[in-house]
Participant: 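The following block contains the structure, expressed as C-alpha cells.
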Amino acid sequence: MDHVTSSEPAHKMPWLVANSLKVYYCYSTCAGKSSDLKNEDCKGKDGPVVCFGEMLIDFVPTVGGVSLAEAPAFKKAAGGAPANVAVGISRLGGSSAFIGKVGADEFGYMLADILKKNNVETSGIKFDPNARTALAFVTLRADGEREFLFFRNPSADMLLQESELDTDLIKKAKIFHYGSISLIDEPCKSAHLAAMKIAKDSGCILSYDPNLRLALWPSAEAARNGIKSIWDQADVIKISEDEISFLTGGDDPYDDNVVLEKLFHPNLKLLIVTEGSEGCRYYAKKFKGRVAGVKVKAVDTTGAGDAFVSGIIYSLASDQSLFQNEERLRKALYFANVCGAITVTERGAIPALPTKEAVLQFAAT
C-alpha cells in the first residue's frame, strides 16, 4: 500500500480503493469515484488553447540508464514543454495553437511540420534565419537523476520579439499556457510578458507550468526570482514536489500549510502539485484534496508532466465549473493522471501522448 502523507485527522482521511492497475482516492463528499470516466466527463471541445514558449530538438540516448557521456548514440525527438502540451491537447481532441520561434533550418521546419501533422495551429510560429533551433541532450541515469545539456547561444526561441506576436491568435484563446524558460533572456522575456497581458486583457485563463530547468538560468536565485515574478498573475499553476522545495527555500513539499501560505495567491483558481506515479494534490479556493496516480510499468518518463498538463487544460477549456465543482475536478485530474501514465509506457514525449479514446479505454480496464 502506498504511503500517504497528510496533516488531516484520521476521520477526514480518504479510504483507499485499489485494483491491479490503479490506486485512487475517494472522498466521502464525492458522489462516485474519480475514476468513473465517461466521454461526457472530458469534452474539451470549446475554445482554443494557445501555448507559448520553447520548441526544440531533444537528443535522447538509444539505451537507457546511462549518462550523456556514456551514451553510445542518440535519437532526435521533438521537445519543449509548451509544444508538447499543444500536441497533447490536440491529440485528445481539443483545439490548440503554438506561439514561439525556431531557426530557419531543417530542425525548425521539422518541428513546425510535426505540429501541423498533429493539428496544432502554427500561424504563431516565426522562423529566424540568423539563429539555430535549440538543441537539448537529455538522459535518465541509472541513479534516477535526469541529466541535461543545452545548446542555446542564443537559440531562435530566445529571440522572439514582441512585434512578432500573433496578437489575434492570443485574443481568440480560451486558455493561454506558458512556462518559465521564456522568461530567462531578452527579447523573449518582453514578448512573454506582453503576450500574457494581451491574454489577460482578453479574458483568457492564464495557465502556468514553471518547468524548472536550473541549468538554463544564470543562478538559482535568478531562477527563483524569475519564476516568482509572474506567479501572482496565473489562474492555474501546476508544480512538482521538487519545485515547491526550490521555490520555498527547502520547505516540506508535502505540507499543505507550506503550499497554501507560500504558493497559493489570492488570484489563483487552482494549484496542482504533481507527485509522479503517486498522483497529484489540488488546492482550490473552497477545497483541497488528492487524486492518486495510476500504476503502470514505466519505460520513459519524458513528457509525463506535459501529458498531465494537456489532460487537465483540455478539460478546463470546455468546463470552467471545475474550479468550483470538486467532483468534476477530481474526474478531470484522474483523466490527467491517466494521460501521464499512458505516456510513460512508450518512449519519447510527443509519440507517446494519448488520444482521448486511449485514456477512456485505459480507465475502463
Side-chain angles (χ1 to χ4, degrees), residues 43-55 80-102 108 111-112 115-116 118-128 156-183 185-211 229-238 265-270 306 309-323 332:
K43 297 175 184 177
K45 293 177 182 177
D46 304 326
V49 177
V50 174
C51 299
F52 175 94
E54 71 279 2
M55 182 166 56
N84 290 344
V85 171
V87 172
I89 290 166
S90 178
R91 193 76 62 81
L92 291 169
S95 173
S96 66
F98 177 79
I99 292 178
K101 201 172 197 181
V102 293
L111 290 170
L115 293 191
K116 287 178 184 176
N118 283 279
N119 299 313
V120 176
E121 171 62 51
T122 59
S123 62
I125 297 178
K126 301 300 178 184
F127 297 87
D128 195 320
D157 61 292
M158 301 161 66
L159 301 175
L160 181 70
Q161 299 183 48
E162 182 179 344
S163 61
E164 296 176 302
L165 291 173
D166 188 334
T167 56
D168 289 338
L169 184 59
I170 298 171
K171 289 175 182 177
K172 287 192 304 183
K174 190 74 168 283
I175 298 177
F176 185 71
H177 177 73
Y178 48 88
S180 68
I181 291 174
S182 44
L183 294 170
D185 296 284
E186 292 288 5
C188 189
K189 178 180 178 180
S190 292
H192 182 143
L193 297 176
M196 281 179 58
K197 185 176 189 310
I198 294 168
K200 193 74 170 180
D201 290 347
S202 302
C204 296
I205 295 170
L206 298 190
S207 167
Y208 186 21
D209 176 6
N211 193 35
S229 68
I230 58 170
W231 194 262
D232 62 355
Q233 297 183 55
D235 299 295
V236 179
I237 296 176
K238 172 261 174 189
H265 63 77
N267 298 324
L268 199 55
K269 293 180 173 68
L270 179 63
D306 298 333
V309 172
S310 301
I312 190 61
I313 292 180
Y314 166 81
S315 298
L316 279 169
S318 64
D319 186 5
Q320 292 181 42
S321 75
L322 299 183
F323 296 131

Participant: Just by distance, do the side chain of Asp209 and the backbone of Gly179 share a donor-acceptor pair under 3.5 Å?
Facilitator: no
Participant: Give the ring-plane orientation class for Phe52 versus His192, where under 30° counts as parallel, over 60° as perpendicular and anything between as tilted.
Facilitator: perpendicular
Participant: For the backbone of Ala86 and the side chain of Ser96, can you confirm whether one donor and one acceptor N or O come within less than 3.5 Å of each other?
Facilitator: yes
Participant: Measure from the side-chain N and O atoms of Lys174 to the backbone N and O of Ala317, and report whether any donor-acceptor pair falls under 3.5 Å.
Facilitator: yes
Participant: Has Ser310 got a side-chain atom pairing as donor or acceptor with Val85's backbone, closer than 3.5 angstrom?
Facilitator: yes
Participant: Just by modelled atom types, is the Ile230 backbone N or O under 3.5 Å from a matching donor or acceptor in the Gln233 side chain?
Facilitator: no
Participant: With Lys116, which residues qualify under side chain to side chain contact (heavy atoms under 4.5 Å, CB included), at least two apart?
Facilitator: Thr122
Participant: Is the backbone of His177 close enough, under 3.5 Å, to the side chain of Ser207 for a donor and an acceptor to pair up by distance?
Facilitator: no
Participant: Going through the checks in order, is the side-chain contact (heavy atoms from CB on, under 4.5 Å) test met by Leu316 and Phe323?
Facilitator: CA-CA 9 Å; Leu316 279 169; Phe323 296 131; 3.7 Å; yes
Participant: Any non-hydrogen side-chain atom of Leu159 less than 4.5 Å from a side-chain atom of Cys188?
Facilitator: no
Participant: State the CD1-CD1 distance between Ile313 and Ile89, to the nearest 0.5 angstrom.
Facilitator: 5.0 Å
Participant: Evaluate Lys238 against Asp306 for salt bridge (charged side-chain N to carboxylate O under 4.0 Å, His left out), listing each step before the verdict.
Facilitator: CA-CA 10 Å; Lys238 172 261 174 189; Asp306 298 333; over 6 Å; no
Participant: Within the 4.5 Å heavy-atom criterion, are Met55 and Ile125 side-chain neighbours or not?
Facilitator: yes
Participant: Using modelled atom types only, decide if a donor and an acceptor are shared between the side chain of Asn267 and the backbone of Asp232 within a distance under 3.5 Å.
Facilitator: yes
Participant: Suppose we screen for salt bridge (Lys or Arg N to Asp or Glu O under 4.0 Å). Which residues come up paired with Asp201, at least two apart in sequence or across chains?
Facilitator: Lys197
